[in-house]
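Below is one structure, written out as structure tokens; comments come after it.
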Amino acid sequence: MTALITGASRGIGRAIALEFAKSGYNVAINYANSEVSAKDTAKECGEFGVLAFAYKADVSDFDACKEMVAKVEQDLGPVEVLVNNAGINIDNLLIRMSQEQFDKVYFANLKSVYNMSRQVVPGMMKRRRGRIINISSVAGLYGNVGQTNYAATKAGIVGFTKSLAKEVGARGITVNAIAPGFIETDMTDRLSDNIKEIARSKITLGRFGKAEDIAKAAMFLASDGASYITGHTLEVSGGISL
Ligand SMILES: NC(=O)c1ccc[n+]([C@@H]2O[C@H](COP(=O)([O-])OP(=O)(O)OC[C@H]3O[C@@H](n4cnc5c(N)ncnc54)[C@H](O)[C@@H]3O)[C@@H](O)[C@H]2O)c1
């Protein structure tokens, strides 16, 4: 079985790749620029005795996704699990946000989910099995100051997930999303201590999450135990919204 994880050279994507490798999946590790880290992740995944390779592609580019999926399927066989994890944030208040800042985030976070799903769903429909797991965010569920672009894409993922789930459910394919809260990765490292403290004060469990917390949720959604769950967005946030 093969799982393709986008943006998997570091952070949450890397943790997901390792979790799937540990569970016996061959893994395709997509990356945009960091070849060294992506190959490092592939090497670590390979230590679980599975096939693991790194594939360069900018997921905001439809043709690049098409080429990558063709290569992955040549090397590792059909993609049975697609995890749309790649994402960026370029925060700014709306009154200062440029079109470029909005569009870049839209293409990387939401158009990419279409770009990748569009490549794998036809095969999954033919084989009458498959799992798609999209990484959204609590920002898409509750909003965040300075993140109109980011939150819109993450809310868009929730609607995309529900709609695609309805389209392909009868073919044995499930489509779900995960909405992480505040997870310790490069994306959150660059926030100021003050913002981190404000965020921590809102978390019911009183601590930030780890990339592995999201990886375990993704593994669950891919497992047989989740075969009757589709169109769902699973919040993994330590209770940030309570
Ligand atoms: N860290 C958090 O607190 C948090 C919270 C909610 C949601 N998320 C989401 O989780 C996902 C992973 O985030 P992370 O925290 O690991 O961040 P990260 O910045 O450490 O990792 C994101 C990865 O995506 C890759 N990427 C970005 N644009 C790409 C593109 N166009 N093509 C290919 N790869 C691309 C990056 O190179 C990087 O490897 C993102 O979708 C993010 O929005 C993170």
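Ligands are counted one by one from 1 in listed order, and the atoms in each one are counted from 1 as well. Values below: every heavy atom of this structure, side chains too, minus hydrogens, waters and symmetry copies.
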Side-chain donor/acceptor pairs under 3.5 Å, residues 169-181, sequence neighbours excluded:
{"unit_1": "T174", "atom_1": "OG1", "unit_2": "R131", "atom_2": "NE", "d": "3.2"}
{"unit_1": "N176", "atom_1": "OD1", "unit_2": "G231", "atom_2": "N", "d": "3.2"}
{"unit_1": "N176", "atom_1": "OD1", "unit_2": "H232", "atom_2": "N", "d": "2.9"}
{"unit_1": "N176", "atom_1": "ND2", "unit_2": "I229", "atom_2": "O", "d": "3.0"}

Is it true that S192 and N194 share a donor-acceptor pair across their side chains at a distance under 3.5 Å?
no
Taking the side chain as every heavy atom from C-beta outward, state whether [X] and [Y] have any pair of such atoms under 4.5 Å apart.
{"X": "I12", "Y": "T185", "answer": "yes"}
{"X": "R10", "Y": "D186", "answer": "yes"}
{"X": "M68", "Y": "N30", "answer": "yes"}

Pairs of nitrogen or oxygen atoms, one from ligand 1 and one from the protein, closer than 3.5 Å: please tabulate them with distances.
{"unit_1": "ligand 1", "atom_1": "1 (N)", "unit_2": "I183", "atom_2": "O", "d": "3.2"}
{"unit_1": "ligand 1", "atom_1": "1 (N)", "unit_2": "T185", "atom_2": "OG1", "d": "3.2"}
{"unit_1": "ligand 1", "atom_1": "3 (O)", "unit_2": "G181", "atom_2": "O", "d": "3.2"}
{"unit_1": "ligand 1", "atom_1": "3 (O)", "unit_2": "I183", "atom_2": "N", "d": "2.7"}
{"unit_1": "ligand 1", "atom_1": "3 (O)", "unit_2": "I183", "atom_2": "O", "d": "3.3"}
{"unit_1": "ligand 1", "atom_1": "15 (O)", "unit_2": "T185", "atom_2": "OG1", "d": "2.6"}
{"unit_1": "ligand 1", "atom_1": "16 (O)", "unit_2": "I12", "atom_2": "N", "d": "2.8"}
{"unit_1": "ligand 1", "atom_1": "19 (O)", "unit_2": "R10", "atom_2": "NH2", "d": "2.7"}
{"unit_1": "ligand 1", "atom_1": "20 (O)", "unit_2": "R10", "atom_2": "NE", "d": "2.9"}
{"unit_1": "ligand 1", "atom_1": "31 (N)", "unit_2": "D58", "atom_2": "OD1", "d": "2.8"}
{"unit_1": "ligand 1", "atom_1": "32 (N)", "unit_2": "V59", "atom_2": "N", "d": "3.0"}
{"unit_1": "ligand 1", "atom_1": "39 (O)", "unit_2": "S9", "atom_2": "OG", "d": "3.4"}
{"unit_1": "ligand 1", "atom_1": "41 (O)", "unit_2": "N85", "atom_2": "O", "d": "2.7"}
{"unit_1": "ligand 1", "atom_1": "41 (O)", "unit_2": "K154", "atom_2": "NZ", "d": "2.9"}
{"unit_1": "ligand 1", "atom_1": "43 (O)", "unit_2": "Y150", "atom_2": "OH", "d": "2.6"}
{"unit_1": "ligand 1", "atom_1": "43 (O)", "unit_2": "K154", "atom_2": "NZ", "d": "3.0"}

Presence of salt bridge, E35 and K39, under 4.0 angstrom
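A salt bridge links K39 with E35.
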